[in-house]
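Reminder, nothing fancy here: chain letters follow the sequence lines and each chain counts from 1.
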2 protein chains.
Amino acid sequence: MGDKGERTRERILDVSQRLILQKGFSGVAIDEIVYEAEITKGGFFYHFKNRSDLARSLMERYLEDDDRIIKDLRTQSCELVDDPLQRVLAFLKLYADALGQVEEVHPGCLVASFTYESQQFDEVIHEQVRQGAESWKRLFIEHAEPALETHECEVSLDDLGDMLNAILEGGILMSRIEGNNAILHRQIMLFRDYVRRVFHPKAA
Amino acid sequence: MGDKGERTRERILDVSQRLILQKGFSGVAIDEIVYEAEITKGGFFYHFKNRSDLARSLMERYLEDDDRIIKDLRTQSCELVDDPLQRVLAFLKLYADALGQVEEVHPGCLVASFTYESQQFDEVIHEQVRQGAESWKRLFIEHAEPALETHECEVSLDDLGDMLNAILEGGILMSRIEGNNAILHRQIMLFRDYVRRVFHPKAA
DNA sequence: CGGGAAAAACCAGATGGTCGGTATAGTTTT
DNA sequence: AAAACTATACCGACCATCTGGTTTTTCCCG
């Protein structure tokens with residue numbers, strides 16, 4: 001199988017992502033990536049045209065992975081319960097567990113990292129970041145929409161989608177600052193509690 | 001007044017903060033700061049020992065400013081209403097308006113910026129960041145505590161404090177991504193709505 | 001199935017540039 | 001006279017990128 005190159009490429013991406021989330025994109029030298037990935041500089045530039053290309057590839061992979069994870073949890077939640085609102089609540093519990101119940105602290109979100117260095121990147125990456133955030137929001141909204149058939153919601157799903165994104169990003173940040181991943185878990189559960197409170201069964 | 005030096009120092013800090021929030025700490029060269037602040041390199045190093053010193057001074061000033069702003073809003077809210085819970089809600093409305101009702105998008109938070117480049121900084125700055133986040137949280141908790149005399153709260157104030165921090169940081173991030181500061185305003189108002197829902201008057 | 005050419009994957013090293021920081025000597029402002 | 005700079009030069013480290021060569025893998029032909 002001709003996947004040796006692919007494996008090296010993935011290793012470069014893994015190492016890069018880890019380093020970037022700790023030091024910021026501009027704070028990571030290619031020399032450092034090359035050293036940690038146990039390749040040479042030539043090897044790096046065989047796989048990536050330049051720094052920008054690395055950034056674009058990283059974000060692409062990150063968003064794809066994230067999308068898959070969220071969709072998996074959504075599917076799981078649908079298999080667990082039938083009621084649309086309960087599915088949303090189950091989904092949020094699964095999400096909280098997935099992100100918050102690991103020992104180590106969350107490594108950070110590439111979307112946040114790149115946003116705080118936005119002027120270093122070209123318009124292609126800005127668009128990737130926007131699409132990513134919008135995609136997360138839409139996944140939540142689509143999952144929550146069926147619940148509107150049987151329930152009234154006091155808040156717009158649009159605002160709730162933004163709120164989930166904000167809580168996630170903010171929760172990751174606070175967890176990193178405190179070195180305590182439990183914060184992230186609890187914050188998602190608080191959001192879940194809020195969702196529970198703003199939905200009311202429709203009076204038939 | 002012998003504050004010419006102080007004014008230059010402040011100008012350097014202003015320029016640095018603006019640039020860092022756009023490009024990240026590692027992404028900003030001292031040469032660039034020097035150019036934008038219309039001084040020379042010698043002038044820069046007259047005011048700051050080195051890069052680390054700049055970072056520490058920036059964070060120090062940022063936290064002091066932020067602390068003052070929050071305390072002002074808290075005082076304002078106390079002048080507006082008497083009921084402890086209403087004061088918290090008024091405070092959050094004032095906060096939302098202050099941060100969210102400006103035309104331009106929020107420039108970003110230095111605490112978040114530094115956290116996403118944490119490995120670039122020494123332990124002194126890590127401690128500043130931790131203290132900063134804890135300070136914001138404590139200011140909210142102290143402001144909300146009197147409400148517990150007359151009301152029951154279904155959620156711990158500790159968790160609510162973390163939630164406010166998370167919503168703020170996450171809201172700032174989402175606003176920047178979308179280029180729309182209204183998101184930040186609405187997210188703080190959603191948090192306010194949550195606070196309203198978890199507090200119940202005590203049955204005398 | 002095996003050898004060999006082509007293509008893919010990777011290495012070693014050089015280049016030109018940038019950056020943080022230092023140093024020095026002088027000038028303006030307070 | 002002290003504080004607050006300017007002007008300029010310099011250094012060593014670092015850094016992105018390129019060139020040209022080498023190894024490894026693939027795969028096709030016999």
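- Under a cut-off of 6.0 angstrom, the local environment of CD in B:E38 is sparse, with at most 12 non-hydrogen atoms contributed by other residues, nucleotides or ligands.
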_Footprint string (nucleotides 16-23 of chain C, 5' to 3'): B base within contact, S backbone only, - free, heavy atoms under 4.0 Å_ = ---SBBB-
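- Phosphate proximity of D:dA4 to B:Y46: present, with a side-chain N or O under 4.0 Å from OP1 or OP2.
- When rounded to the nearest whole Å, the span between CD of B:E6 and P of C:dT30 equals 15 Å.
- Atom CZ of B:F48 and atom P of D:dC5 are 11 Å apart (whole Å).
- In this structure, A:H47 does not reach the C:dA8 phosphate: none of its side-chain N or O atoms is under 4.0 Å from OP1 or OP2.
- What separates CD1 of B:I39 from C1' of D:dT8 is a distance of 16 Å, to the nearest Å.
- Residue A:T8 places at least one side-chain N or O closer than 4.0 Å to OP1 or OP2 of C:dC10.
- Regarding A:I33, its CD1 atom lies at a distance of 12 Å from the C1' atom of D:dC15, rounded to whole Å.
- Listed by first and then second residue, the ring pair (Phe, Tyr, Trp, His ring centres under 6.0 Å) pairs involving residues 56-94 of chain B are B:F91-B:Y95, B:F91-B:H143 (not counting sequence neighbours).
- Looking only at atom types and distance, the side chain of B:D67 has a donor-acceptor partner in the side chain of B:S135 under 3.5 Å away.
- Atom CD of A:E38 and atom C1' of C:dA12 are 17 Å apart (whole Å).
- Ring centers of B:Y194 and A:F191: at least 6.0 Å apart, outside the cut-off.
- Side chain to side chain, A:E117 and A:S26 meet the donor-acceptor criterion of an N or O pair below 3.5 Å.
- A straight line from CZ of B:R9 to P of D:dA3 spans 16 Å, rounded to a whole angstrom.
- A donor-acceptor contact shorter than 3.5 Å links the side chain of A:N181 to the backbone of A:E104.
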